[in-house]
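In this chain, numbering begins with 1 at the start of the sequence shown. Both counts, for ligands and for their atoms, begin at 1 and track the order of listing.
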Amino acid sequence: MRNIIELVRGDITVLAVDAIVNAANNTLLGGGGVDGAIHRGAGPELVQECASLGGCRTGDAKITKGYLLPAKYVIHTVGPVWHGGNRGEAELLKSSYHSCFLLAREYDVRSIAFPAISCGVYGYPMREAALIALGQAQEAVAQNAGLERIIFVMFNEEALQVYREMAAQLGIPV
Ligand code: ADP
């Protein structure tokens with residue numbers, strides 16, 4: 001059977017999948033990092049739709065169209081800021097991934113691409129975050145037979161290597 005979970009290096013904004021996930025902030029009005037790249041790729045209509053959504057709580061997710069992006073939808077989630085690990089960061093990051101997968105099911109998304117949520121400016125350690133991301137993907141595959149591809153998109157080789165190691169640790173074939 002083909003592996004559903006894939007690890008790739010590259011720019012998430014160029015992927016022609018049903019949905020790409022944005023590591024957004026609570027305002028949903030755009031920011032730096034992957035958020036800025038997604039808004040640049042989608043064009044100004046994205047921020048207009050985002051402005052109508054009333055923001056997004058940490059650990060939650062909201063969906064919009066993809067506009068000028070090759071992806072049909074953007075799922076915006078807000079991961080936690082890392083404060084050392086004792087402020088519920090792991091539960092919130094799990095909740096971010098889980099919320100994205102719930103929306104994916106609701107919108108019949110079969111292919112979805114994730115960046116390393118919270119691992120940039122928000123400072124979440126990559127290894128711990130990768131274990132959560134991959135664990136949530138495994139659960140989603142078990143619960144949603146409609147999922148065909150879950151792509152984790154890494155911006156650099158180092159991050160990709162961490163995801164490979166964590167996938168091996170969890171016994172996920174990639
Ligand atoms: P956060 O605020 O949630 O930490 P960032 O956007 O700062 O979000 O970083 C999240 C991750 O996305 C980082 O690992 C960063 O290297 C990566 N990233 C930045 N731009 C892109 C892109 N165009 N495609 C994929 N990943 C990206």
Out of curiosity, Asn3 CG to Arg149 CZ, how far, rounded to the nearest 0.5 Å? 11.5 Å
Before signing off on this row, confirm whether Ile12 and ligand 1 have an N or O atom pair separated by under 3.5 Å. yes
Numbered atoms and elements of ligand 1 in range of Asp11, under 4.0 angstrom, heavy atoms: 22 (C), 23 (N), 24 (N)
Please identify which atoms of ligand 1 are closer than 4.0 Å to at least one heavy atom of Ala23. 3 (O), 8 (O)
Could you identify the single nearest non-hydrogen protein atom to atom 15 (C) of ligand 1 and state the distance to 0.1 Å? Phe155 CB, 4.5 Å
Can a donor-acceptor pair be found between the side chains of Tyr97 and Glu139 at a distance below 3.5 Å? no
More than 12 heavy atoms of other residues, nucleotides or ligands under 6.0 Å from CG of Asn156: is that the case? yes
Out of Gly32, Gly33, Ala24, Ala116, whose heavy atom is nearest to atom 10 (C) of ligand 1? Ala116
Donor-acceptor pair, side chain of Ser95 and main chain of Glu91, under 3.5 angstrom: no
Any N or O of Val34 closer than 3.5 Å to N or O of ligand 1: yes
Ignoring hydrogens, what is the shortest heavy-atom contact between Tyr124 and Ala129? Give both atom names and the distance. CD2-CB, 3.6 Å
Please determine if Gly123 has a nitrogen or oxygen closer than 3.5 Å to a nitrogen or oxygen of ligand 1. no
Polar atom proximity, Asp35 to ligand 1 (N or O, under 3.5 Å): no
Using a strict 4.0 Å cut-off to heavy atoms of Gly120, name the atoms of ligand 1 that fall inside it. 4 (O), 5 (P), 7 (O), 9 (O), 10 (C), 13 (C)
Are Phe114 and Phe101 an aromatic pair, judged by ring center distance below 6.0 Å? yes
Are the side chain of Ser118 and the backbone of Pro80 linked by a donor-acceptor contact shorter than 3.5 Å? yes
Measuring from non-hydrogen atoms of Ala159 to any atom of ligand 1, is the shortest distance under 4.0 Å? no
Val121-ligand 1 polar pair, N/O distance under 3.5 Å: yes
Backbone or side chain, does any N or O of Tyr122 fall under 3.5 Å from an N or O of ligand 1? yes
Has ligand 1 got any nitrogen or oxygen that is less than 3.5 angstrom from a nitrogen or oxygen of Ser118? yes
Any side-chain to backbone donor/acceptor pair from Thr77 onto Asp60? Under 3.5 Å, distance only. yes
Under 3.5 Å, side chain of Gln169 to main-chain N/O of Glu165, donor-acceptor pair present? no
